[in-house]
Trainee: 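Following this message is one structure expressed as structure tokens.
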Amino acid sequence: MGTLALGRGKTGSTRRRAGQSHLRSGIRAVTIYALLLAVGVISSIPLYWMVITSLKEAGKEFLFPPVWYPNPQVWSNYVEVWTLIPHIPRYTFNSFFISILATVGTLLSCSFVAFGFARMNFPGKNVMFVILVGTLMMPTIITLVPTFILFKTLRMTDNPVPLIVPFWFGGGAFGGAFYVFLIRQFMMQLPRELDESGLVDGASYFRIYWQLILPLSGPAMAATAIFSFIQHWNEFLFPLIFINEPTWRPLALGVRFFLNTYIGCCARGATPWNMLMTASFLMLLPILFVFFFAQKYFVRGIALTGLTGR
């Protein structure tokens, strides 16, 4: 009887400890999710403020206390800004044209370089990779003048060529090394037996890259595509320097020139904040669509990209 009572006592104690452990785990999970929710809400405030400002009447953008839900909601601002910016369909087409072609070039060139660093052995590979990663510490702006002189000498300015061609040869000045690093780290995790089986079957390294490694690197390629598309869509400085022809302006330049023109037409040069937020939100819509549509690929690509150094 004593042994039976002792066994029951141990079982009860074990159950209590298990219950306390589950309770602590539940409290920890609730706390984490509450913190994440709070951070998400705080991070969403600027986007929400942009949207509600785009729906306000002129002159009511800075009322105090702040108006968090405009009444009435001026949806006609979106129709008006579409008519006020004279070439907005053309600007939108230019942004898609530049962003898509530059993104495709970035994916092909950076994945090809990453394959060489990840799957091949050649003298000086590690040194060259360190130099490549070291270029991340160089500000993008230092390449602006020599790049402009190059394309000016070739008479390729005032068109999208300087914003597209560099990305077909190594990712251009902005972020090419980062994309190579990202894709390389993913490719290094793929089994080496894939390359060996391909070589045994008589496949060249290019065929191994194109038919074996590249299709398996989908998550890393998806993350790179999202980063690259957002970067090119939002790019302002390089189009401002290279493109003076109005018909080739991307949407970022079009919104800026619209703002300058509209301020000149307003009384006392006041900034039309509701119209500016409306145009900015229209420009943001493709980015939101791309991110939410490809979010699972983006998260998977980042999560599966290791940081091994082998």
Side-chain angles (χ1 to χ4, degrees), residues 96-137 163-235 286-310:
F96 274 111
F97 180 77
I98 294 171
S99 300
I100 292 175
L101 289 184
T103 298
V104 172
T106 298
L107 291 175
L108 293 177
S109 61
C110 291
S111 64
F112 192 71
V113 175
F115 173 81
F117 282 119
R119 316 296 294 189
M120 300 177 65
N121 294 316
F122 53 89
K125 181 180 74 170
N126 294 332
V127 175
M128 293 175 63
F129 183 72
V130 169
I131 295 175
L132 175 69
V133 174
T135 61
L136 290 173
M137 296 184 291
L163 307 177
I164 298 175
V165 170
F167 299 95
W168 286 79
F169 297 93
F174 346 71
F178 171 73
Y179 300 142
V180 171
F181 172 80
L182 182 69
I183 300 173
R184 169 190 177 267
Q185 298 303 113
F186 186 90
M187 287 183 175
M188 289 179 66
Q189 301 182 44
L190 300 177
R192 290 283 178 176
E193 290 76 12
L194 294 172
D195 305 47
E196 296 172 359
S197 62
L199 292 173
V200 168
D201 291 337
S204 63
Y205 274 107
F206 180 80
R207 187 175 180 183
I208 294 172
Y209 154 76
W210 187 254
Q211 295 186 350
L212 291 179
I213 304 302
L214 192 61
L216 294 175
S217 303
M221 298 291 286
T224 302
I226 295 172
F227 278 131
S228 180
F229 183 85
I230 293 175
Q231 165 197 323
H232 296 300
W233 183 270
N234 292 329
E235 183 59 42
I287 299 299
L288 293 176
F289 176 79
V290 168
F291 179 78
F292 285 110
F293 178 75
Q295 183 180 13
K296 62 178 181 179
Y297 303 104
F298 171 75
V299 174
R300 185 163 178 255
I302 297 298
L304 295 181
T305 300
L307 298 176
T308 58
R310 59 189 177 119

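Below, all heavy atoms of this structure are taken into account, side chains as well, without hydrogens, waters or symmetry copies. Worth saying up front: this structure is predicted, and the values here are computed from it rather than measured.
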Trainee: Determine the interplanar angle of the Trp233 and Phe229 rings, folded into 0 to 90°, and report it as parallel if under 30°, tilted if 30 to 60°, perpendicular if over 60°.
Mentor: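 Geometry flag for Phe229 against Trp233: parallel rings.
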
Trainee: Any side-chain heavy atom of Leu136 within less than 4.5 Å of one from Phe181?
Mentor: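 The answer is no, as the side chains (C-beta and beyond) never meet within the 4.5 Å cut-off.
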
Trainee: Please report the interatomic distance CD1(Ile183) to CE(Met188), rounded to the nearest 0.5 Å.
Mentor: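 CE of Met188 is found 14.0 Å from CD1 of Ile183.
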
Trainee: How long is the straight-line distance from OH of Tyr205 back to CZ of Arg119, given to the nearest 0.5 Å?
Mentor: 10.0 Å

Trainee: Provide the closest heavy-atom pair for Phe115 versus Asp195 in the form atom of the first, atom of the second, distance.
Mentor: CE1-OD2, 4.5 Å

Trainee: Do Phe167 and Ser109 come close enough that some side-chain heavy atom pair is under 4.5 Å?
Mentor: no

Trainee: Distance from Asn126 atom CG to Ile131 atom CD1, nearest 0.5 Å?
Mentor: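 Spacing of CG (Asn126) from CD1 (Ile131) equals 11.0 Å.
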
Trainee: Are side-chain heavy atoms of Lys125 and Met128 found at a separation under 4.5 Å?
Mentor: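 No, every pair of side-chain atoms sits at 4.5 Å or beyond.
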
Trainee: Going by the angle between their ring planes, with limits at 30° and 60°, are Phe117 and Phe122 parallel, tilted or perpendicular?
Mentor: tilted

Trainee: Do Leu194 and Ile208 make a side-chain contact, defined as non-hydrogen atoms from C-beta onward lying under 4.5 Å apart?
Mentor: no

Trainee: So, for Ala223 and Leu182, which heavy atoms are closest and what is the spacing to 0.1 Å?
Mentor: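 Where Ala223 meets Leu182 most closely, the heavy atoms are CB-CD2, 4.3 Å.
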
Trainee: Do you know the tightest heavy-atom contact between Ala102 and Ser228?
Mentor: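 That would be O-OG, 4.4 Å.
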
Trainee: Cationic tip of Arg184 within the cone over Phe129's six-membered ring, i.e. under 6.0 Å and within 45° of the normal?
Mentor: yes

Trainee: Testing the basics here: between Met187 and Ala118, what is the closest heavy-atom pair and its distance to 0.1 Å?
Mentor: CB-CB, 3.7 Å

Trainee: About how many Å separate CD1 of Ile287 and CG of Asn234, when rounded to the nearest 0.5 Å?
Mentor: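 The distance works out to 5.0 Å.
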
Trainee: Considering only heavy atoms from C-beta outward, does the side chain of Tyr179 approach that of Ser111 to under 4.5 Å?
Mentor: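 No, side chains not in contact.
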
Trainee: With rounding to the nearest 0.5 angstrom, report the CG to CD1 distance, Leu163 to Ile98.
Mentor: 5.0 Å

Trainee: Pair up each side-chain donor or acceptor in residues 211-218 with any protein partner under 3.5 Å, not counting sequence neighbours, and list the distances.
Mentor:
unit_1 : atom_1 : unit_2 : atom_2 : d
Gln211 : OE1    : Arg207 : NE     : 3.0
Ser217 : OG     : Ile213 : O      : 2.8

Trainee: Do Thr106 and His232 have side-chain heavy atoms sitting under 4.5 Å apart?
Mentor: yes

